[in-house]
Amino acid sequence: MTIEHIKPEGLFNMDGFTQVVTSTASKTVYIAGQGAFDKDFNLVGAGDYHAQTTQALTNLKIALAAAGATPA
């Protein structure tokens, strides 16, 4: 089994933290809980829950794409 730690462009990068992990046993993708942060770890939409939700879902799409998956 191979485990790959993916740090997608477009999501913040922090030492000791991985946004996306895959394994090849039967491909499983583990994605960290996504919040309303941009790739520079700035909060997007402070006080605006719609903007925060939109950013979190955008981050999820980026993370899925980095692992070769889609929201579908």
Side-chain angles (χ1 to χ4, degrees):
M1 176 172 76
T2 301
I3 296 175
E4 180 182 8
H5 296 261
I6 303 171
K7 297 188 178 213
E9 188 69 33
L11 298 181
F12 72 85
N13 185 354
M14 181 183 299
D15 289 339
F17 182 83
T18 303
Q19 293 282 357
V20 182
V21 177
T22 65
S23 72
T24 58
S26 65
K27 189 155 188 182
T28 303
V29 180
Y30 304 91
I31 299 175
Q34 296 300 305
F37 298 97
D38 66 14
K39 67 178 185 157
D40 297 316
F41 202 54
N42 296 308
L43 178 62
V44 174
D48 180 346
Y49 296 130
H50 181 266
Q52 290 178 18
T53 301
T54 299
Q55 183 65 41
L57 292 173
T58 296
N59 291 346
L60 180 58
K61 288 179 189 177
I62 291 168
L64 286 168
T70 69

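We use all heavy atoms of the structure for the numbers below, so side chains are in, but hydrogens, waters and symmetry mates are not.
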Query raised in the report: Just checking, is any N or O donor in the side chain of Asp48 or Gln52 under 3.5 Å from an acceptor N or O on the other one?
Result: no
Spatial distance of atom [atom1] ([X]) from atom [atom2] ([Y]) [nearest 0.5 Å]:
X     : Y     : atom1 : atom2 : result
Gln19 : Asn13 : CD    : CG    : 8.0 Å
Gln34 : Thr53 : CD    : OG1   : 13.0 Å
Thr18 : Leu11 : OG1   : CG    : 12.0 Å
Ile62 : Ile31 : CD1   : CD1   : 11.0 Å

Backbone of [Y] reached by a side-chain donor or acceptor of [X] within 3.5 Å:
X     : Y     : value
Thr28 : Ser26 : yes
Asn59 : Gly35 : yes
Asp38 : Asp40 : yes
Thr2  : Thr24 : no

Query raised in the report: Which pair of heavy atoms, one from Val20 and one from Ala67, lies closest together, and at what distance?
Result: CG1-CB, 3.9 Å
Tell me whether [Y] is reachable from [X] by hopping between hydrophobic residues (I, L, V, M, F, W, Y) whose side-chain heavy atoms are closer than 4.5 Å.
X     : Y     : answer
Phe41 : Leu43 : yes
Met1  : Val29 : no
Ile3  : Tyr30 : yes

Report task. Hey, can you tell me if Phe37 and Phe12 have their rings parallel, tilted or perpendicular (30° and 60° cut-offs)? Result ->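 Phe37 vs Phe12 ring planes: perpendicular.
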Report task. Might you confirm whether atom NZ of Lys7 has over 12 heavy atoms from other residues, nucleotides or ligands at distances under 6.0 Å? Result -> yes
Query raised in the report: Does atom CZ of Phe17 have more than 12 heavy-atom neighbours from other groups under 6.0 Å away?
Result: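 More than 12 heavy atoms, drawn from other residues, nucleotides or ligands, come within 6.0 Å of this atom.
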Query - Chi angles and distances behind the side-chain contact (heavy atoms from CB on, under 4.5 Å) call for Thr70, Leu64 - result: CA-CA 6 Å; Thr70 69; Leu64 286 168; 5.9 Å; no
